Structure formats: structure tokens, C-alpha cells
Amino acid sequence: MSGKPRSHDNFGTDKVAKPTREKGEGTLQSPPLATLVHEKTGQIHPLLTDITTIGRDKTSTIMVREDTAVSRRHAHVLRKGVNFVIEDLGSSNGVYINGRKLEGSHILQVGDKVEIGAQVYLFKRRA
């Protein structure tokens with residue numbers, strides 16, 4: 001070992017602060033950019049990933065258990081830059097946006113009502 005000090009040898013000196021143990025709660029994740037809020041229950045579903053799937057399948061991000069009008073893989077919401085786009089995945093009963101059947105894809109706007117089976121969600125953005 002040479003006599004030249006290495007940068008990590010400075011811990012405990014006045015030059016570099018000593019590491020400290022964190023106290024309190026861990027770091028919280030930033031609030032989601034957007035959410036789907038269940039109209040009846042008020043349950044909030046944050047749209048945290050690039051693809052949010054909705055359906056009865058247990059692998060769905062938003063799993064709808066007891067609504068047989070919802071297909072196993074009913075729809076998904078894609079994050080595209082600052083936009084969130086919903087698409088039907090070939091479901092039996094379709095997806096409705098503000099009372100109109102979705103054809104193709106739709107860029108969600110604040111306040112949009114998304115109907116999937118008997119489930120109604122409101123699209124919201126972080127304030």
C-alpha cells in the first residue's frame with residue numbers, strides 16, 4: 001500500500017461527513033402522473049408503468065374479479081410520453097369512453113369515464 005491517501009480514507013475527518021443512519025419512513029415514490037378512480041368504490045388505481053392491463057386475469061394490473069362482463073384481458077392503458085392511451089384488447093363487451101363505444105384507441109382526457117363491463121372509472125391527472 002502506498003503512502004498516498006485514497007478518497008475513501010477520509011471518512012471520519014473534517015473533509016467528508018460520516019455516513020449516518022436514516023431515520024423515519026423510507027423514501028416514498030413520487031405521486032403517479034395519472035390514475036383511474038373507480039366511480040362507486042373510490043378505489044384509486046395509479047398508472048405507474050408504461051402498460052396497465054385491465055381484466056379478470058390474475059396477472060392484470062387492475063384485476064376485476066366478479067364482473068363476468070369483463071374479459072380476462074379486456075383492455076390496457078399505454079403511457080406514451082405525457083399521454084395515456086386506452087385500447088380494447090378484443091374483449092367480448094367492449095370499452096366505452098363517456099358513453100361511446102371505443103373504436104381503435106383513445107387518448108384519455110381528465111374526467112373521461114371509462115366503462116369496462118359494469119365497472120366505471122374516472123381518469124384523473126396529478127394536480
Side-chain angles (χ1 to χ4, degrees):
M1 183 169 170
S2 71
K4 189 174 182 181
R6 295 183 305 232
S7 63
H8 68 273
D9 290 339
N10 291 329
F11 281 110
T13 70
D14 291 336
K15 294 180 184 176
V16 179
K18 294 179 185 177
T20 59
R21 185 177 177 102
E22 290 186 27
K23 298 177 183 172
E25 297 294 319
T27 305
L28 299 175
Q29 184 175 14
S30 298
L33 293 175
T35 58
L36 287 176
V37 180
H38 195 277
E39 190 175 62
K40 289 183 183 175
T41 67
Q43 185 173 9
I44 298 170
H45 300 281
L47 304 175
L48 297 173
T49 59
D50 289 339
I51 302 174
T52 300
T53 56
I54 306 167
R56 287 191 350 253
D57 190 273
K58 65 182 177 182
T59 63
S60 297
T61 313
I62 301 174
M63 191 171 92
V64 181
R65 293 184 181 169
E66 302 192 16
D67 187 345
T68 56
V70 176
S71 297
R72 284 184 181 87
R73 295 189 72 243
H74 200 102
H76 61 208
V77 178
L78 306 171
R79 183 172 53 198
K80 293 187 176 183
V82 296
N83 293 314
F84 291 84
V85 178
I86 189 165
E87 297 176 341
D88 188 336
L89 295 175
S91 66
S92 301
N93 296 310
V95 174
Y96 291 80
I97 307 294
N98 302 320
R100 301 185 113 180
K101 188 168 185 175
L102 178 64
E103 301 291 335
S105 61
H106 173 80
I107 297 174
L108 290 166
Q109 303 297 318
V110 172
D112 275 351
K113 268 190 184 181
V114 178
E115 297 174 54
I116 296 175
Q119 312 308 305
V120 179
Y121 302 93
L122 294 175
F123 178 74
K124 295 189 175 189
R125 287 255 188 200
R126 179 174 71 189

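Numbering starts at 1 and runs along the sequence shown. Computed from a predicted structure; not experimentally measured.
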Asker: Could you measure the distance from the CZ atom of Arg79 to the OG1 atom of Thr52? Nearest 0.5 Å is fine.
Answerer: 8.0 Å
Asker: Is a side-chain donor or acceptor of Ser105 paired with a backbone partner of Glu87 at a separation under 3.5 angstrom?
Answerer: no
Asker: So how far is it from Leu108 CG to Ile97 CD1, rounded to the nearest 0.5 Å?
Answerer: 5.5 Å
Asker: Taking atom CD1 of Ile86 and atom NE2 of His106, what is their separation to the nearest 0.5 Å?
Answerer: 8.0 Å
Asker: Dump the intermediate steps for side chain to side chain contact (heavy atoms under 4.5 Å, CB included) on His74 and Val95, then the final yes or no.
Answerer: CA-CA 8 Å; His74 200 102; Val95 174; 3.7 Å; yes
Asker: Side chain to side chain contact (heavy atoms under 4.5 Å, CB included), that's the test. Do Val114 and Ile54 meet it? Break it down for me.
Answerer: CA-CA 11 Å; Val114 178; Ile54 306 167; 5.6 Å; no
Asker: More than 12 heavy atoms of other residues, nucleotides or ligands under 6.0 Å from CZ of Arg73: yes or no?
Answerer: no
Asker: Take Ile116 and Val64 through the test side chain to side chain contact (heavy atoms under 4.5 Å, CB included) and record every step on the way to the result.
Answerer: CA-CA 9 Å; Ile116 296 175; Val64 181; 5.7 Å; no
Asker: Using modelled atom types and a 3.5 Å cut-off, is there a donor and acceptor pairing between side-chain atoms of Ser60 and backbone atoms of Thr53?
Answerer: no
Asker: Any side-chain to backbone donor/acceptor pair from Thr49 onto Ile51? Under 3.5 Å, distance only.
Answerer: yes
Asker: Mark yes or no for whether Asp112, through its side chain, and Phe123, through its backbone, hold a donor-acceptor pair below 3.5 Å.
Answerer: no
Asker: Cut-off 3.5 Å, side chains only: do Ser91 and Asp88 have a donor facing an acceptor?
Answerer: yes
Asker: What closest approach, in Å, do Arg125 and Asn83 show between heavy atoms, and which atom pair accounts for it?
Answerer: NH2-CA, 4.0 Å
Asker: Using a 3.5 Å distance criterion without hydrogens, assess whether the side chain of Arg72 forms a donor-acceptor pair with backbone atoms of Asp57.
Answerer: no
Asker: How far does CZ of Arg65 sit from CE of Met63, to the nearest 0.5 angstrom?
Answerer: 3.5 Å
Asker: Which pairs would a plain distance check flag for residues 39-46, meaning a side-chain donor or acceptor within less than 3.5 Å of a matching protein atom at least two apart in sequence or in another chain?
Answerer:
residue	atom	partner	partner atom	Å
Glu39	OE2	Lys113	NZ	3.3
Thr41	OG1	His38	ND1	3.3
Thr41	OG1	Gln43	N	3.2

